[in-house]
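Here is the naming used below: chain letters follow the sequence lines, and residue numbers restart at 1 for every chain.
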Amino acid sequence: MLKKVKKRGKVRPLIDKRSGKWYNSNIMDRYEPLKIEAKWQKRWEETEAFRATEESDVPKMMLAEMFPYPSGAGLHVGHVRNFTIVDVLARFYRQQGVNVMRPFGYDTFGLPAENYAIKTGQAPQEVTKVNIANFRKQAKRLGYAIDWSREINTSDPEYYRWTQWCFLQLYKKGLAYQKESYQWWCPVDQTVLANEQVENGCCWRCGHEVEKKKMKQWFFKITEYADELLAEIDGLDWPEKIKTMQRNWIGRSVGAEIEFPLAREYASSRGIRDDGSGRSEEPRDDGRDEASRDGVYSRAITVFTTRPDTILGATFLVVAPEYAGLEFIVSDDARDAVMKYKAEALKKSEIERQENKEKTGVFTGAYAISPATKEKIPIYVADYVLAGYGTGAIMAVPAYDDRDREFAEKFNLPVVEAELIDRDLYGMPKVMYKMRDWLISRQRYWGCPIPIAYDAEGEPHPIPEDQLPVMIPEVKDYQPDSTGRSALAKAKDWLKVEVFNEKTGKMETMTRETDTLDGYACSSWYLWRYASPHDEKAAWDPEAIKYWEPVDFYCGGDHAVAHLLYVRFWCKFFADLGYLPFREPVKKLLYNGYINAPDGKKMSKSKGNVIDPLDVIDDGYGADTLRTYEMFIGPYDMDAAWDPRSVGGVYRFLNRCYNLCFDSSFSSLESVRDNGSEIASEPRNDGRERSGSRGEKNAVVRNKTIKKVTTDIHRCNFNTAVAALMEYVNELYKVGATEEDLAVLAKLLKPFAPHLASEMLEKLGADDEWPKWDEKYLVQDVVEVVVQVNGKLRAKLNVPADEATDDEKVKELALADERVQKYTESGVKKAIFVPKAKLLNLVV
RNA sequence: GGGCGAGUGGCGGAACUGGUAGACGCGCCAGACUCAAAAUCUAGUGGCAGCAAUGUCGUAAGGGUUCAAGUCCCUUCUCGCCCACCA
């Protein structure tokens with residue numbers, strides 16, 4: 001039971017979905033993508049066609065996409081765009097004889113798999129295994145030129161063993177450290193919550209109001225590299241958009257720290273501190289902890305400002321609610337109000353705080369002395385000052401700062417239009433960054449265990465490298481423990497470990513760290529693992545790294561800041577340790593746009609507008625159509641909307657390629673073949689104005705196409721490269737194709753539609769070596785010269801090439817043309833000739 | 001509020017450093033083939049006027065620079081993304 005699949009206005013392959021058989025139209029040998037694709041995919045698999053090995057006498061190129069998280073839903077069209085960009089480039093360079101490495105991997109740790117495990121009771125390991133198998137199968141159906149021997153998976157113990165090794169290197173250098181930090185905490189579920197699990201200040205599961213709980217967390221000291229990370233952005237061949245985002249994220253500002261002594265009589269009589277962790281309680285480590293010892297808070301407040309020159313206008317100070325010295329400065333009268341304000345501020349999420357920009361705050365009852373004016377100024381606490389930036393305290397200059405002015409107006413504080421003074425008069429110059437250290441501990445089961453154990457005193461000790469990996473223990477229930485620890489804490493046997501304690505000089509039974517690493521840690525070094533993916537002795541082999549890396553092309557559509565900053569950070573760190581011979585991991589970054597639903601909206605399951613790429617293939621269009629369509633859809637770096645009808649258009653194009661090669665009734669192939677050589681001696685015979693025989697004309701079009709496609713791919717203008725191929729095919733349909741024309745077509749088509757192109761090349765008995773163009777065919781003997789009068793197009797002249805560069809001659813010809821004469825009767829004042837544009841503009 | 005992009009036919013989009021606007025595809029329209037569809041092939045397709053040659057208007061709006069502006073500059077509007085009280 002065959003049924004017509006085509007709907008009105010839609011080109012669809014004729015295939016019966018139920019039987020999988022092709023509707024037998026009157027064309028005997030028709031394009032059957034699924035058949036061709038299965039054939040070539042099998043062949044590539046069997047021959048390991050894309051295996052890459054180091055060959056030092058051949059130029060290398062390493063290309064990678066941002067490896068995917070293999071979700072249960074399988075590949076989506078966004079993956080296909082991302083992977084196909086990489087694949088087109090990989091095949092393009094491979095065809096040019098470059099030694100190409102195109103690896104693949106899976107970023108498998110993370111919440112979705114864990115949540116699925118909690119919901120279904122299935123082990124995340126199992127879920128991951130199934131999802132990877134599905135992703136691999138689907139990627140293979142797209143015909144990617146992947147070296148499958150270089151497949152990696154971050155949750156494989158053989159991989160995360162080395163993630164743990166990386167952690168230990170950072171730990172040894174003091175760049176992995178612990179510090180108290182506030183975490184979202186649900187008192188009902190007794191669990192730590194990630195930011196995205198807090199909805200309107202309530203727990204996403206039980207709906208109870210969440211609170212912030214101070215907990216010890218692990219951090220990577222990325223701020224150590226802030227200066228270099230910022231400075232080297234300039235030299236990166238990355239999109240400006242990403243570079244700007246990284247600069248803003250790092251957010252360097254130059255200012256000064258200025259001390260404002262407290263006016264003693266107002267300082268709190270209770271000089272006891274409740275914590276010794278630093279001035280502000282938000283994550284921050286820049287070595288200032290020491291300065292905060294010995295009750296500095298009871299003597300002075302240090303502010304950070306980028307405008308120390310405005311200090312004469314500072315009429316009050318403001319500290320953040322989390323400001324650690326708040327206890328000491330607040331007066332007894334104000335204490336209740338201040339503590340109430342602090343408690344409320346702590347409850348609010350960052351989003352809530354930002355939503356309401358209306359200034360709020362409370363007077364602390366305390367005063368400070370301005371070092372510049374020696375006047376006594378009040379100290380307020382307000383949440384518009386952020387604890388995590390600077391010192392958590394500011395001098396407010398309402399005359400120069402909008403936020404301060406707003407606050408001053410609301411609380412009736414004086415606004416003084418004071419003169420500006422020398423910047424360095426009262427403070428120490430100081431550089432500040434918005435970037436915070438990277439909080440990497442997660443109270444989660446499905447992540448890379450942190451290779452640390454604690455002794456009886458609670459002091460951390462690294463797990464020795466020869467005991468790695470610290471395996472993820474098997475548990476039954478993946479829900480975090482009531483202690484705020486991950487489900488790892490439920491593996492009682494696993495928790496105990498014998499570790500040598502350097503302090504006591506003895507082996508001791510210690511308790512393992514139950515936090516796991518942020519998934520971004522796992523993806524911060526995977527690009528280097530690709531160089532030696534099965535290395536059992538090291539995270540990466542320095543020789544292989546030296547040959548393959550840094551990565552030449554890295555393509556993704558997400559993680560503009562986080563991941564792309566973290567890999568840069570680790571690269572610099574491991575370069576400092578001597579493990580990497582370069583300081584930037586990615587030479588060229590391609591940042592591709594999203595593919596939206598036909599209505600222009602984001603594709604999402606809930607909206608039901610998701611296009612499944614495998615459906616497109618199985619509808620009979622095939623992978624080649626899907627790949628080529630996604631390259632043709634628009635510039636790779638712009639968002640695009642899926643258009644099912646355009647998919648049909650691309651299918652039609654590939655069908656025409658197929659017919660040109662396999663069905664002579666679709667072209668005048670025979671007649672041209674008879675001609676033999678391309679530069680035939682026959683006179684012009686097609687009645688057209690353009691000179692040359694059919695063979696010659698083919699050579700012109702062919703060479704033009706080679707040039708266009710080659711330069712377009714070089715510039716990553718994939719959409720116009722495909723358009724050029726379409727033009728070429730249209731031309732061949734008109735004038736007929738020689739075998740050489742077809743071989744060139746197949747070669748140029750191969751990066752986009754590798755299966756069909758391979759089939760064509762096989763039929764033609766040709767290799768896939770990238771063709772070169774010959775400029776001699778691109779030089780025309782008669783050229784078209786455009787004549788404008790006052791910038792308006794008036795005539796096009798056909799001029800012999802040797803005369804077209806002679807401005808006097810061209811002018812003479814132009815003035816002889818009656819279309820031009822109509823406008824030049826009053827005389828020509830000026831004539832501008834542009835040889836490059838073959839254009840003459842007459843000014844009258 | 002700040003930063004970065006982008007506004008071109010009915011639609012997606014071409015136009016490298018200012019130099020023939022609308023490549024290519026979709027859609028539409030006509031013709032061929034067919035009993036008839038579909039598929040395929042051929043031709044046409046920015047608006048307005050004209051049988052046509054051709055003229056004229058036209059790249060969000062307005063102004064400017066230039067022999068020449070989709071492209072450069074200024075103003076305004078719209079959309080998208082990112083950051084968002086960072087002192």
- request: Scan A/Asn717 against the nucleic acid and name what it touches under 4.0 Å (heavy atoms): base, sugar-phosphate only, or nothing.
  value: nothing
query: Between B/rC26, B/rC41, B/rC85, which nucleotide gets closest to the side-chain atoms of A/Lys359?
result: B/rC85
query: Under 4.0 Å between a side-chain N or O of A/Arg652 and OP1 or OP2 of B/rU40?
result: yes
- prompt: Rounding to the closest angstrom, what is the interatomic distance between B/rG22 and B/rG10 at atom C1'?
  reply: 14 Å
task: For A/Arg794, answer base if it contacts any base atom (sugar-phosphate contacts may also be present), sugar-phosphate if it contacts only those atoms, and nothing otherwise; contact means non-hydrogen atoms under 4.0 Å.
output: sugar-phosphate
query: What's the closest nucleotide to the A/Thr720 side chain, out of B/rA23, B/rG13, B/rU20?
result: B/rA23
- prompt: Out of B/rU20, B/rG3, B/rG12, which has the shortest distance to the side chain of A/Leu793?
  reply: B/rU20
- prompt: Could you spell out the base pairing of RNA chain B in dot-bracket, with Watson-Crick or G-U pairs whose two distances are under 3.5 Å, [ ] crossing and | to another strand?
  reply: (((((((..(((......[....)))((.(((.......))).))((((....))))..(((((..]....))))))))))))....
Output field: ring centroids A/Phe316/A/Phe407 closer than 6.0 Å: yes
task: With sequence neighbours excluded, give me every salt bridge (Lys or Arg N to Asp or Glu O under 4.0 Å) pair touching residues 818-835 of chain A.
output: A/Asp817-A/Arg819
- prompt: When the C1' atoms of B/rC81 and B/rC28 are considered, how many whole Å apart are they?
  reply: 35 Å
- request: Please measure how far the P atom in B/rA15 lies from the corresponding atom in B/rG2, and state the result in whole Å.
  value: 33 Å
query: Is the distance from OP1 or OP2 of B/rA87 to the nearest side-chain N or O of A/Tyr433 less than 4.0 Å?
result: no
- request: Would you kindly give the CZ-to-P distance between A/Phe632 and B/rG12, to the nearest whole Å?
  value: 14 Å
task: Go through B/rA87, B/rC57, B/rC41 for me and flag the one nearest to the A/Lys792 side chain.
output: B/rC57
task: Please work out if A/Glu406 contacts a base, only the sugar-phosphate, or nothing of the nucleic acid, heavy-atom cut-off 4.0 Å.
output: nothing
message: Using a 6.0 Å distance limit plus a 45 degree cone around the ring axis, check whether A/Lys811 lies over the aromatic ring of A/Phe833.
response: no
query: Taking the P atom of each, how far is B/rG70 from B/rC16, in whole Å?
result: 12 Å
Any A/Tyr384 side-chain N or O less than 4.0 Å from OP1/OP2 of B/rA87: no
message: For RNA chain B, which residues of residues 830-844 of chain A approach it to below 4.0 angstrom with any heavy atom?
response: A/Lys830, A/Ile832, A/Val834, A/Lys836, A/Ala837, A/Leu839, A/Asn841, A/Val843
- request: Between A/Lys708 and A/Asn730, just flag the one whose closest nucleotide in RNA chain B comes earlier from the 5' side.
  value: A/Lys708
- prompt: Cut-off 3.5 Å, side chains only: do A/Tyr566 and A/His559 have a donor facing an acceptor?
  reply: no
task: Determine the Euclidean distance between corresponding C1' atoms of B/rA68 and B/rG19; express it in Å to zero decimal places.
output: 7 Å
- prompt: What's the closest nucleotide to the A/Tyr389 side chain, out of B/rA43, B/rC85, B/rA87?
  reply: B/rA87
- prompt: Nearest-Å distance, CE (A/Met245) to C1' (B/rG80)?
  reply: 13 Å
query: Counting any heavy atom closer than 4.0 Å, what does A/Ser253 reach on the DNA or RNA strands: base, sugar-phosphate only, or nothing?
result: sugar-phosphate
message: Using the side-chain heavy atoms of A/Thr306, tell me which of these nucleotides is nearest: B/rA87, B/rA23, B/rU42.
response: B/rA87
- request: Mind telling me if B/rG9 is syn or anti? Syn here is a glycosidic angle within 90° of 0.
  value: syn
query: Has the side chain of A/Asp401 got a donor or acceptor atom that lies under 3.5 Å from a matching backbone atom of A/Asp404?
result: yes
Between B/rC4 (C1') and A/Trp238 (CH2): distance, integer Å: 17 Å
task: Begin with the C-alpha distance, continue with both residues' side-chain angles, and end with the deciding distance and a verdict on salt bridge (charged side-chain N to carboxylate O under 4.0 Å, His left out) for A/Glu358 and A/Lys410.
output: CA-CA 10 Å; A/Glu358 180 77 15; A/Lys410 184 152 177 187; 3.3 Å; yes
Among A/Tyr629, A/Tyr31, A/Phe632, the one residue meeting ring pair (Phe, Tyr, Trp, His ring centres under 6.0 Å) with A/Tyr651: A/Tyr31
field: B/rC82 base / A/Lys241 side chain donor-acceptor hit below 3.5 Å
entry: no
